[in-house]
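In what follows, a single structure is set out as structure tokens and then discussed.
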Amino acid sequence: MPQYLAPGVYVEEVTSAIKPIAGAGTSTAGFVGVVDDTVTMPLLPGRSGLKADGTTREPTDFATVAPAGVAQLVDGWETFKTLFGDIQPGNRTLAHAVYGFFNNGGGRCWITRVAPDEDADQVETSLIGALETFTALDEIALVAIPGAVSDAVQGAILDHCENQYLQDRFAILDGRQTSEPVPTKGDIQGGTRDSSYGAIYYPWIDVGVEDADGNPVYQPPSGHLAGIYARVDTERGVHKAPANEVIRGALGLEKLVSKQGQAGLNPDGINVIRRFDGNNTVWGARTMAGASQAEWRYISSRRLFNFLRESIDEGTQWAVFEPNSPELWSKIRRNVGAFLNTVWASGALLGNTPEEAFYVRCDETVNPAAVRDAGQLVVEVGVALVRPAEFVVFRISQWAGGVE
């Protein structure tokens with residue numbers, strides 16, 4: 001405590017009881033994909049195509065492809081080209097996905113490449129193993145392996161997002177390509193298990209790639225969807241479903257699904273991309289949660305809850321090892337309540353007043369002596385989530401014109 005010896009005015013800085021909780025990031029993506037060791041790499045900055053004497057450049061004048069199995073931070077398309085080369089057969093699927101991510105509003109992503117192998121099983125093993133490189137990268141909130149549709153790989157992505165030490169990220173999966181005229185959930189999702197931590201999209205999209213005969217080579221939509229997630233998060237917020245959004249860069253669809261066709265897929269959690277007035281539009285907002293997880297039916301619900309959990313987790317670390325007393329409880333109630341009030345004001349929570357939208361309980365009722373003696377502090381938080389208006393119903397009837 002300071003000593004005051006001479007009369008006068010003393011101005012001191014004191015620590016505020018309110019420690020603001022900052023919202024966690026929701027739009028940084030993590031991509032895994034196959035990139036050949038021999039892809040053509042661009043010249044390093046300052047190098048031209050030829051030397052001064054007219055001879056070609058040495059290999060040292062070109063950028064080196066990023067090492068396999070190491071996550072790389074990419075903040076734009078030019079950075080991707082420097083690390084993995086421009087779009088070419090050796091990286092085509094990943095490159096189109098990442099280009100679609102940035103083109104649709106994405107800003108930052110981490111990318112881990114794996115080397116190709118003649119053994120398809122070995123490639124799958126490498127793709128699954130590469131997910132481990134994302135574990136320590138806390139900012140990643142979206143995960144995709146574009147074009148990987150096997151049960152093993154997609155199950156591994158869901159496992160990664162559901163990891164008890166993470167649970168702050170969401171999987172974006174590609175549906176399987178199928179020639180069935182009326183595809184079912186099994187045709188599109190295969191044997192991939194249900195999960196509230198992922199969403200699956202169908203069909204694949206045309207981005208202008210053609211084979212030798214001029215036929216479209218359709219690309220998986222997951223990279224473009226990750227960009228849409230980021231765009232909607234920025235423009236509206238994580239509580240807005242990433243749906244009824246046009247996919248930038250999509251020229252067409254592998255299969256046109258009708259309203260009747262979607263009626264057989266939407267209840268099963270298959271998000272359909274449909275064509276309206278020349279625009280290829282995301283027309284689904286559901287997770288892969290099964291009937292037993294109805295409360296997590298919508299993507300926005302799961303992602304908003306992930307955002308709240310991560311933000312509160314990161315913003316209350318200061319409380320660890322503090323004296324477990326009513327004073328601490330009061331500080332936590334104020335801090336968490338102030339954060340949730342901001343979330344409510346953004347339109348993410350349901351209720352005309354903050355009291356209707358959320359509550360924070362941290363007192364002796366949830367922290368009796370036995371809990372305190374165990375070194376624990378319990379905070380109970382309840383929130384009323386806003387869900388998307390998936391079915392907009394107008395009821396129209398004849399009216400007699402105001403005459404009784």
Side-chain angles (χ1 to χ4, degrees), residues 29-35 89 91-98 100-101 111-114 116-131 134 142-162 169-195 197-207 209 211 216-229 247 250 253-255 257 261-262 264-266 268-273 280 282 284 286-290 299:
F31 295 110
V32 177
V34 176
V35 178
N91 68 6
R92 179 175 292 162
T93 299
L94 177 63
H96 276 296
V98 175
F101 171 72
I111 301 175
T112 300
R113 83 171 183 97
V114 302
D117 195 291
E118 294 182 358
D119 185 348
D121 291 338
Q122 180 56 48
V123 173
E124 285 195 359
T125 300
S126 298
L127 291 172
I128 293 171
L131 290 170
F134 294 159
L142 304 168
V143 181
I145 303 182
V149 296
S150 71
D151 295 347
V153 175
Q154 292 191 338
I157 301 173
L158 295 174
D159 289 342
H160 175 80
C161 294
E162 291 176 351
R169 47 195 64 178
F170 192 79
I172 304 176
L173 306 183
D174 299 303
R176 289 151 174 75
Q177 294 173 286
T178 174
S179 59
E180 292 294 329
V182 183
T184 64
K185 175 183 177 180
D187 297 324
I188 297 169
Q189 188 173 324
T192 302
R193 63 182 176 82
D194 292 338
S195 171
Y197 281 84
I200 191 166
Y201 292 87
Y202 172 85
W204 287 28
I205 58 178
D206 177 11
V207 297
V209 180
D211 61 19
V217 178
Y218 296 99
Q219 299 297 310
S222 55
H224 294 68
L225 264 298
I228 289 176
Y229 278 48
I247 303 179
L253 302 173
E254 186 172 20
K255 184 179 181 61
V257 180
Q262 187 175 13
L265 297 173
N266 191 65
D268 289 329
I270 305 297
N271 295 312
V272 176
I273 303 169
N280 300 298
V282 182
R286 295 196 174 198
T287 69
M288 300 167 66
I299 297 168

Roughly how far, to the nearest 0.5 Å, is the [atom2] atom of [Y] from the [atom1] atom of [X]?
{"X": "Leu131", "Y": "Ile145", "atom1": "CG", "atom2": "CD1", "answer": "4.5 Å"}
{"X": "Tyr197", "Y": "His160", "atom1": "OH", "atom2": "NE2", "answer": "12.5 Å"}
{"X": "Leu265", "Y": "Ile270", "atom1": "CG", "atom2": "CD1", "answer": "6.5 Å"}
{"X": "Ile157", "Y": "Phe170", "atom1": "CD1", "atom2": "CZ", "answer": "12.0 Å"}
{"X": "Thr192", "Y": "Ile200", "atom1": "OG1", "atom2": "CD1", "answer": "6.0 Å"}
{"X": "Gln154", "Y": "Asp159", "atom1": "CD", "atom2": "CG", "answer": "12.0 Å"}

_Contact list for residues 216-227, test side-chain hydrogen bond (donor to acceptor under 3.5 Å, both in side chains), sequence neighbours left out_ =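 Sorted result for residues 216-227: Asp174-Ser222.
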
_Between Thr112 and Phe31, does the side chain to side chain contact (heavy atoms under 4.5 Å, CB included) criterion hold? Intermediate values first, please._
CA-CA 6 Å; Thr112 300; Phe31 295 110; over 6 Å; no

Taking the side chain as C-beta and beyond, is there a heavy-atom pair between [X] and [Y] under 4.5 Å?
{"X": "Gln177", "Y": "Lys255", "value": "no"}
{"X": "Leu173", "Y": "Tyr201", "value": "no"}
{"X": "Gln262", "Y": "Asn271", "value": "no"}
{"X": "Ser150", "Y": "Glu124", "value": "yes"}
{"X": "Tyr229", "Y": "Ile299", "value": "yes"}
{"X": "Asn91", "Y": "Arg113", "value": "no"}
{"X": "Leu225", "Y": "Val282", "value": "yes"}
{"X": "Asp206", "Y": "Leu253", "value": "no"}

_Checking Ile247 against Ile228 for the side chain to side chain contact (heavy atoms under 4.5 Å, CB included) test, could you report, in this order, the C-alpha distance in whole Å, the side-chain angles of both residues, the deciding distance, and whether it holds?_
CA-CA 7 Å; Ile247 303 179; Ile228 289 176; 3.8 Å; yes

Minimal non-hydrogen separation, [X] against [Y], with atom names:
{"X": "Ala148", "Y": "Val153", "result": "CB-CG1, 3.5 Å"}
{"X": "Pro220", "Y": "Thr93", "result": "CG-CG2, 3.8 Å"}
{"X": "Leu142", "Y": "Ala226", "result": "CD1-O, 3.9 Å"}
{"X": "Asn280", "Y": "Ala250", "result": "ND2-O, 2.8 Å"}
{"X": "Trp204", "Y": "Pro221", "result": "CD1-CD, 3.9 Å"}
{"X": "Ala152", "Y": "Ile128", "result": "O-CD1, 3.8 Å"}

*Where do Gln189 and Asp194 land on the side chain to side chain contact (heavy atoms under 4.5 Å, CB included) test, with the steps shown first?*
CA-CA 9 Å; Gln189 188 173 324; Asp194 292 338; 3.2 Å; yes

*Before accepting this row, confirm whether a basic side-chain N of the pair Arg193/Glu162 lies closer than 4.0 Å to the acidic partner's carboxylate O.*
yes

*Just by distance, do the side chain of Asp268 and the backbone of Lys185 share a donor-acceptor pair under 3.5 Å?*
no

*Evaluate the side chain to side chain contact (heavy atoms under 4.5 Å, CB included) criterion for residues Tyr202 and Arg176: first the C-alpha distance (whole Å), next the side-chain angles of each, then the deciding distance (0.1 Å), finally the verdict.*
CA-CA 8 Å; Tyr202 172 85; Arg176 289 151 174 75; over 6 Å; no

